[in-house]
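Note sheet for the following structure.
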Amino acid sequence: MAETTTQASQRLILWLLLAPALIWLLGLILLPHLDLALLSLRERTGPGEYAFGLAQYRTFFSEPLYWDVFVRTATLSVIATALTLLLAFPIAWTIAKLTRGRLSALLFAVCLIPFWVSETVRTLGWMILLRETGVLPSLLVTLGVTEVPIEMLYRDATILVGLVYTSLLFMVVPLYGSLESLDDSLIEAGYDLGGNGWTVLRTVVIPHAAPGITAGCIVVFMLTLGNYLTASLLGGKNSLWFTEQIYTQFITRFNWEQGAAFGFLLLALSSVMVWIGLRLSGQRFSDVMSRT
Amino acid sequence: MTAVRTRRRVALLACLLSGCASLANAAGGTLRIITWADYVPADVVAQFTKETGIKVEVALSNNEEIISKLRATRGAGFDLAQPSQDRILGPQQEFGIYKPIDLAKVQVDRIQPDLLATVRRNATIGGRLYALPYVWGAEGLVVNTKRTQINDYLDLCRADLRGRTSVRLRRPTLMAFAFAMGKDPFALYSDTKAYTALMEQVGARLIACKANFRFFFDNRDQLLNGMRSGELHAAMMWDSGGWKLNRENPDIKFIAPKSGALGWLDTYALPARGKNEAAAYAWINFTLRPEIAARIAKSIGNFSAAKGADQLTDPVLRAQFAASFPEGFKSVRWYPAIPPGLEEIEGRILDRVKAAK
Amino acid sequence: MTTFDLEAKGLSKHFGTHTAVDALSFGVERGSFFSILGPSGCGKTTLLRMIAGFVEPDAGDVEIGGRSMRGVPPNRRPVNMVFQQLALFPMMSVGENVAYGLARRGVRRADRERKVDEMLERVGLPGSAAKRVDQLSGGQRQRVAIARSLVLEPTLLLLDEPLGALDLKLRERMKIELKQLQAAFGTTFVYITHDQSEALVLSDRVAVMNGGRFEQVGTPQELYYSPATPFVAGFVGANNRIEGRVTSIDGDLVEVRSESGWAVHARRQGALRLGDAAAAFVRPEVAVLGRSMADLALAEPAAVHRGTVESLLFDGANSVVLLREQASRCEFRVALPQTGRYADLKVNEPVLFSFAADRAVCFATGSAHG
Ligand SMILES: Nc1ncnc2c1ncn2[C@@H]1O[C@H](COP(=O)(O)OP(=O)(O)O)[C@@H](O)[C@H]1O
Ligand SMILES: [Mg+2]
């Protein structure tokens, strides 16, 4: 009897503790999404008049432009995620395994540098650096690498560089966590039993770090997919990022219905990609989330 | 004693319920304006606050954002907005974000009658007026005469200007190019089909021209920097930006294109659920005073709609105007009000231009 | 002529100013069980890692199977290691762990599986290939770790305190299993431990290491009965230590008198002169106990000492009685006989004890030995 009352009160306490999170979840995430879902299923029939319909989704599939941008955004996000992983892995490895104390802290700080200024300032910094009359092109001319200053902005490669730079930390942290927990003797055992650098990486390090890798990739993929500023400013006239489309629909076209539909398509895309990622790496969502 | 306290408590409750934040303020309260950069100079605000006790909060924005923000709150959050005169009718019919102007509360005789007539033509719904003119100017071309010579919008697409020009990826560009192609888009506003066909033509022209555009500019500074650095040789720009560049570098000139400059006219409009209407009217009347209007015009670099302000305008600006518009304002075309639905057609075209390789 | 599977030649390793391994030279005979016994921090792991190739020696060379290992990376050495924490791969099954080295050598899958099954059978884990590592008990993991190395048929198997993490009971059992495994496979084992009992039970030869050097290398019996240095005498087995000065020398036998005036006789190890500072070591099981002179009839009367019982430390077969020598109040331990006699000793009871001088050893201390 006494036990059931303590259980009941414990459950009550649990609910009370969860309440802020639940209210937040419900009020700020679930309800707006529901609202958006309803919005995306409306079509305009006259001034201020709307009816239920799938026109917004039809537009997406019938207008190749939107579909192209969608695919392009997904592809570039995947590439940016892969590049970030390739770049972050050696950094995380160095911090976790090769350095101690002061030096690791310094390396972490280097990854943090991008976040000392706001994304806008950072992106504008890139623009100053890379524009035709900017620092880097003039430097290349001075060094005799190019004859005339070349425009480095408004290229896909530039977008990728910007995205990778912005995402690096979000990959390094989970990677560092999972590499740190890898016992050095496992690596040595791999070598001792005849493995070389590559096979030890493949058979010992990567399987151990898989949850961290997956977590980092999911976070970075979501971040790049949802990135607005970097993609649109560095990409210039050809940027074509899907979030930009959503922004345009909402703000400059006043077409909330279309924007809401695009938002849902993006949500679907990221969910599908995360699912594929988990499938490919054989990870469970809960394991991965505990790593982030 | 108790009565006072109760009343205060009721007021507090009402305040909480209505979500107001500034009831505690002095008599005049606060005036919240959503407007463009430079439209509300700080010294004018200071004088206004000194005279009336009303504080002024300014949010900087542009036409689309003004409409979007007011749409999101169904006309709340601001007491005064300053959209362009052609962007009132459509959004008002669609979203009902403004309330009519009570002309009895405004010193109408201080407004230039021809500008008021233009706004009356475009912003009257159901016999009621929804806006008053504030500032006007024209959109044309800015060109670095040291580098090139151009006359009209289509010159931006000349082969020798590859990668050296810029336009906004917005509706004024579509209008300007349509006129430059010898068409009149305004005449087709009510004919959706013909208008769509015309816009498709314009879109195709812009796509063909895309290699010439270094970037599509989003804000004034981006374009000004491009012209200053020499990365751009010519661009579509509005007059004040062009004259600003001209003051810094006389080689850069703002010119009226051969096909005609497009005139814009920004207004005062009252958001439907603005709270401090009295303050809004006070501000309108205050800024219609010729000397105040002239100061505002100087801050913006354009011309005021208030009577008598032109005489007080900066002589440099007047000289620049004379140079850019040798025939005066006869060649300027005013935008008619945009009927609802039109912008969706244009939006699709603009997206295509953006996506084109 | 003996063939050495492992020969170290002047191996040294310094960490900063600290010398972890100090110019070591030794050989390990083919097929033998060689232990390195020493206190924690004496450089055992460093030495083993130099043999395995994970640590580059500052000086000297390692030869394995007669071949110099200079410049040979760990994965190319005919050596395998059982790590202190075993280092089984947690994300692989037992079978995959054992097959790991074979796969790296490019052995085909079918052969691999056959060999893995064979090996698991030989270490007493038949049919465990599909199990996860964390499903095994500590002792079973131990065997998997050894199987994983032995399946590669290395010239030399290095083991770094592999029993350290096990509880006492299991450790006792694994000791026996290890010995049996080594005998069955005939592989040369180099075994590191700080536990003298492991070293004594398992090894053919034991090196006692201290401060980066070997104090003595020999069979367990030699170490036990003829320690070459006071360190070995003190480290291997529990020993009574009586410090003092040499007061008489009679051939190999010397008399050492402590400052408090207790004189004992012991066999001399190394050079000793009259008046030298010295320490005598007497094992508890060498001393015998009696209540009266009659009980110690076999002992020379001169070698009979008097004491009082301080406490009884009952530990089954290893029970001892802690005494204080009557005059000097020096502490002395005597093993209790297995017969159960003297189990009724009372605290403060006066007793007699004695030990044969030739079964106690005496070393010079001070200047001669640090
Ligand atoms: N990588 C290293 N860097 C610095 N000192 C070390 C390193 N490895 C071992 N040492 C030091 O060398 C000494 C011997 O260590 P180790 O070989 O691990 O001893 P054992 O295995 O006998 O306990 C210790 O004092 C240890 O602190
Ligand atoms: Mg060790």
Side-chain angles (χ1 to χ4, degrees), chain A residues 89 92-93 96-103 174-217 277-291, chain C residues 45 48-55 64 72-93 96-107 112 116 119 132-133 141 144-154 156-162 164-165:
Chain A
F89 199 92
W93 181 264
K97 295 289 172 204
L98 306 181
T99 59
R100 303 242 168 298
R102 190 94 60 85
L103 198 56
L175 277 185
Y176 167 78
S178 60
L179 290 177
E180 166 84 306
S181 68
L182 173 62
D183 192 347
D184 286 352
S185 66
L186 286 182
I187 301 165
E188 287 180 351
Y191 281 108
D192 185 70
L193 294 167
N196 54 34
W198 164 243
T199 51
V200 170
L201 181 73
R202 185 170 56 81
T203 55
V204 179
V205 180
I206 290 181
H208 178 89
I213 293 173
T214 317
C217 285
L278 289 173
R279 260 303 153 96
L280 284 182
S281 62
Q283 298 294 314
R284 281 209 319 266
F285 191 67
S286 55
D287 293 350
V288 170
M289 283 304 111
S290 64
R291 289 293 180 128
Chain C
T45 299
L48 208 67
R49 290 167 63 80
M50 283 196 282
I51 299 170
F54 293 118
V55 171
I64 296 168
V72 181
N75 54 352
R76 298 268 169 75
R77 297 191 178 195
V79 172
N80 287 107
M81 185 148 166
V82 175
F83 288 81
Q84 205 156 0
Q85 304 298 330
L86 300 185
L88 294 177
F89 301 126
M91 50 278 176
M92 298 179 199
S93 70
E96 285 167 339
N97 264 285
V98 178
Y100 187 89
L102 295 172
R104 301 288 84 74
R105 284 188 184 170
V107 175
R112 229 151 62 199
V116 167
M119 181 52 70
R132 282 204 322 274
V133 169
R141 279 187 223 183
V144 173
I146 292 166
R148 182 174 78 169
S149 293
L150 286 183
V151 77
L152 297 174
E153 295 165 4
L156 202 60
L157 185 68
L158 309 175
L159 303 100
D160 187 354
E161 308 205 22

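Only this structure's heavy atoms are used, side chains among them; waters, hydrogens and symmetry mates stay out. In the text below, chain A, chain B and the rest are named by the order of the sequence lines, each starting its count at 1.
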Are side-chain heavy atoms of V204(A) and M91(C) found at a separation under 4.5 Å? yes

Residue L88(C) versus chain A: region with a heavy atom under 4.5 Å: backbone

Relative to chain A, which segment of V82(C) carries a heavy atom at a distance below 4.5 Å: side chain, backbone, both, or neither? neither

Does atom CD (Q85(C)) have a neighbourhood of more than 12 heavy atoms from anything else shown, all under 6.0 Å? no

Looking only at A52(C), A87(C), P74(C), most heavy-atom pairs under 4.5 Å shared with chain A are made by A87(C)

Does E180(A) CD have over 12 foreign heavy atoms under 6.0 Å away? yes

Minimum side-chain heavy-atom gap L186(A)-P90(C) below 4.5 Å: yes

Evaluate the side chain to side chain contact (heavy atoms under 4.5 Å, CB included) criterion for residues L193(A) and R104(C): first the C-alpha distance (whole Å), next the side-chain angles of each, then the deciding distance (0.1 Å), finally the verdict. CA-CA 8 Å; L193(A) 294 167; R104(C) 301 288 84 74; 5.6 Å; no

May I ask you to check whether over 12 heavy atoms, not counting those of R76(C), lie within 6.0 Å of atom CZ? no

Using non-hydrogen atoms and a 4.5 Å limit, figure out which bit of D184(A) sits close to chain C: side chain, backbone, both or neither. neither

CA sep, side-chain torsions, deciding dist, call: E188(A), R49(C), side chain to side chain contact (heavy atoms under 4.5 Å, CB included): CA-CA 10 Å; E188(A) 287 180 351; R49(C) 290 167 63 80; 2.6 Å; yes

Look at the side chain of N75(C) and the backbone N and O of G195(A), then say whether any donor-acceptor pair between them is shorter than 3.5 Å. yes

Short side-chain to backbone donor-acceptor contact, N80(C) and D192(A), under 3.5 Å: yes

Heavy-atom cut-off 4.5 Å, strictly under: side chain, backbone, both or neither for F83(C) against chain A? side chain

